[in-house]
2 protein chains.
Amino acid sequence: MPVQHPRPRQNKRRPRGPRWRRLPEERPRQILDAAFDAFREKGLAHARLDDIARRAGVSKGTIYLYFPNKEELFGAVIRHLVAENIDAERESHAGPASAELRAYAGRIWAFLRSPNFEAVYRLTIAELHTLPALSRFFAQEIALRSMRGIARIVQRGISEGEFGAADPDDAARMLYALLVKHGVWCNQEVRNLLLPGLDDDTVFDHVMTFCLDALRPAAASTPLARHRSARR
Amino acid sequence: MPVQHPRPRQNKRRPRGPRWRRLPEERPRQILDAAFDAFREKGLAHARLDDIARRAGVSKGTIYLYFPNKEELFGAVIRHLVAENIDAERESHAGPASAELRAYAGRIWAFLRSPNFEAVYRLTIAELHTLPALSRFFAQEIALRSMRGIARIVQRGISEGEFGAADPDDAARMLYALLVKHGVWCNQEVRNLLLPGLDDDTVFDHVMTFCLDALRPAAASTPLARHRSARR
DNA sequence: TATATTACTGACTGGTCGGTCATTTATGAA
DNA sequence: TTCATAAATGACCGACCAGTCAGTAATATA
């Protein structure tokens, strides 16, 4: 909880405690949180450092004790948010690959639909040109990581005959692309134009159904085919 | 070709012709082109009107004769670019639906891969928050238009039995999502990370194959079984 | 040619805001 | 209690730049 500056008081007495506290351990976090709020609302260019300082309950100078400049602060905000959203890879080999795939994709979907993702995505895209390092970080830590996870499951499905022949990396890219794009659409103001009357779960369901249809084994060659899971 | 301002000359003689021409018909176009270049390179916030004026071969004041302010100029740039890329809907009902679908998607792909699209997309996303009207325009004129075209073809494929039962609007969304996301990836600096060693045509081919696989009719054993769709 | 009209110019202004730093305050150790 | 030092403040600076407008140049018209 940031220390509030005392408001100018009617009577002249100073308020009880100190005017501010030394909290070197907590400042970075406070500033990052405040900065994210400001960037989310205004974007990098229009967010004001004075505003960020006010939201964080510190003075502008304090920001510069912890971050060298606005751009670095922005980068730190993004990295911080991404890092805290990367959860450990949970493995769960049991059951049909389609079920594992659905569960895995579901976790990606939850991430894509989490409140912060929309802003992180928008802010990052907007600054890709200015901050190429961020782009690389994003691609590595989010996209590639997710796609590798998907590909592993698809690979299992193929070798166990549940899925038809396909390139697992291709398939992973497809599923991931569908998830991200639909996630973004869900967040847009024009959502109702693009996804009329569909709620999050339904959208996810459609994506999964489409992908599992694409991964179905070819009809003739595999008689015990179409193992496709029951949909929840 | 914009009229160049005469450089300061060593000898005092005035250059031959007039210092500038009145070209009220051509100014808007010149300014839009110059502005797009500037915005593409620097983004809305960092592009300088003095720079745009210089590139257009006019003075800053002239810009304000044709556009009320920077933001409106930005909007006009985007609308101008989108408008000139919307080509007339060409119909071509001949042949199998899969071929027509491939051709139609190919035109969308060509648009997505055209040199200007990357910049338009990035700039628009970045300003969605600030300029919601632009977002709506974009969704209507690009996304929805394309999806309707796809859905029409998918519908034909379904009724002719070439595709299995599916919701044409869903399928259109899927194909369109895959095209856009892959188009964006192709444009990114990290392309080689995400699409290692794949050229544009190959990427397109993978997308089409995946979608056509998903649209395959169900195996003969269960003729009408898979009739999901019709949710809403 | 003279005059009116329109297109255009570019120096200027006023407000904005990232970044600085001399000063003040908190805090822990002596 | 005193002192040393780290932490924090906030007034200030100056670069920046969108937008203005008085003036000038080109062209149309008489």
Side-chain angles (χ1 to χ4, degrees), chain A residues 1-8 14-31 34-35 38-39 41-77 127 130-131, chain B residues 1-8 14-31 34-35 38-39 41-77 127 130-131:
Chain A
M1 179 76 82
V3 177
Q4 291 306 319
H5 287 185
R7 316 192 130 273
R14 278 271 299 282
R16 263 293 179 197
R19 298 215 283 116
W20 41 264
R21 302 242 182 95
R22 301 166 142 210
L23 296 166
E25 308 299 320
E26 308 180 24
R27 293 299 184 224
R29 181 76 186 234
Q30 294 171 342
I31 294 167
F39 289 141
E41 286 172 29
K42 319 268 191 178
L44 172 56
H46 292 98
R48 304 291 149 231
L49 281 175
D50 278 312
D51 182 42
I52 293 172
R54 198 178 37 69
R55 293 180 196 236
V58 300
S59 72
K60 189 161 66 166
T62 299
I63 294 176
Y64 284 88
L65 297 177
Y66 297 94
F67 302 94
N69 58 48
K70 192 185 187 186
E71 236 180 42
E72 285 293 323
L73 171 60
F74 181 81
V77 167
E127 304 302 333
T130 336
L131 309 170
Chain B
M1 180 75 82
V3 177
Q4 291 306 321
H5 288 184
R7 314 192 132 273
R14 278 273 298 285
R16 266 293 181 194
R19 297 215 282 118
W20 42 265
R21 302 241 181 93
R22 304 164 135 209
L23 296 166
E25 308 298 320
E26 308 179 24
R27 292 299 184 224
R29 181 77 187 236
Q30 294 172 342
I31 294 167
F39 289 141
E41 288 174 25
K42 319 266 191 178
L44 172 55
H46 292 98
R48 305 288 149 232
L49 281 175
D50 278 311
D51 181 44
I52 294 172
R54 197 177 37 70
R55 291 180 198 236
V58 300
S59 72
K60 189 160 68 169
T62 299
I63 295 176
Y64 285 88
L65 297 176
Y66 296 94
F67 302 93
N69 57 49
K70 192 185 186 184
E71 236 181 41
E72 285 292 321
L73 172 60
F74 181 81
V77 166
E127 305 303 330
T130 335
L131 309 170

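Chain identifiers are assigned alphabetically (A, B, ...) following the order of the sequence lines, protein sequences preceding nucleic acid strands; residue numbering begins at 1 within each chain.
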Enquirer: So does A:Arg19 get a side-chain nitrogen or oxygen closer than 4.0 Å to the phosphate oxygens (OP1/OP2) of D:dT9?
Expert: no
Enquirer: How close or far is atom C1' of D:dA25 from atom CH2 of B:Trp20, stated in whole angstroms?
Expert: 4 Å
Enquirer: Closest-nucleotide mapping onto DNA chain C: is A:Pro68 or B:Gly61 further toward the 5' terminus? I mean the 5' end.
Expert: B:Gly61
Enquirer: Under the ring-ring contact (aromatic ring centres under 6.0 Å, His included) rule, what pairs show up with a residue in residues 46-68 of chain B, not counting sequence neighbours?
Expert: none
Enquirer: Could you state the atom-to-atom distance from CG of B:Leu65 to P of D:dG19 in whole Å?
Expert: 14 Å
Enquirer: From D:dG19, D:dA26, C:dT9, pick the nucleotide closest to the side chain of B:Asn69?
Expert: D:dG19
Enquirer: Check this for me, if you would: do B:Glu26 and B:Arg21 make a salt bridge, where the nitrogen-to-carboxylate-oxygen distance has to be below 4.0 angstrom?
Expert: no
Enquirer: Using atom CG of A:Leu23 as one end and atom P of C:dA26 as the other, report the distance to the nearest whole Å.
Expert: 12 Å
Enquirer: With salt bridge (Lys or Arg N to Asp or Glu O under 4.0 Å) as the rule and sequence neighbours excluded, what pairs involving residues 62-74 of chain A come up?
Expert: none
Enquirer: I want to check something: taking the side chain as every heavy atom from C-beta on, are A:Val58 and A:Arg27 in contact at a cut-off of under 4.5 Å?
Expert: yes
Enquirer: Can you figure out which of C:dT20, C:dA26, D:dA8 approaches the side chain of A:Ser59 most closely?
Expert: D:dA8
Enquirer: To the nearest Å, give me how far apart OH (A:Tyr64) and P (C:dG18) are.
Expert: 7 Å
Enquirer: In whole angstrom, what separates B:Glu72's CD from D:dG19's C1'?
Expert: 15 Å
Enquirer: Distance check needed: C:dA26 P versus A:Glu25 CD, whole Å only.
Expert: 19 Å
Enquirer: Can you name the nearest heavy-atom pair linking A:Val77 to A:Ala35, along with the distance?
Expert: CG2-CB, 3.7 Å
Enquirer: Is the closest side-chain heavy-atom distance between A:Thr130 and A:Leu44 below 4.5 Å?
Expert: no
Enquirer: Using atom names, set out every protein N or O paired with an N or O of nucleotides 15-17 of chain D below 3.5 Å, distance rounded to 0.1 Å.
Expert:
from, atom 1, to, atom 2, distance (Å)
D:dC17, OP1, B:Arg48, NE, 2.3
D:dC17, OP1, B:Arg48, NH1, 3.4
D:dC17, OP1, B:Arg48, NH2, 2.6
D:dC17, O5', B:Arg48, NE, 3.2

Enquirer: Tell me the interatomic distance from B:Ile31, atom CD1, to C:dC8, atom C1', rounded to whole angstroms.
Expert: 11 Å
Enquirer: Reckon B:Phe67 touches a base, only the sugar-phosphate, or nothing at all at heavy-atom distances under 4.0 Å?
Expert: nothing
Enquirer: If only side-chain N and O atoms of B:Tyr66 are considered, is one of them under 4.0 Å from the OP1 or OP2 phosphate oxygen of C:dA7?
Expert: no
Enquirer: Less than 4.0 Å between a side-chain N and a carboxylate O, is that true for A:Arg54 and A:Asp50?
Expert: no
Enquirer: Just how far, in rounded Å, is C1' of C:dC17 from CZ of A:Arg54?
Expert: 15 Å
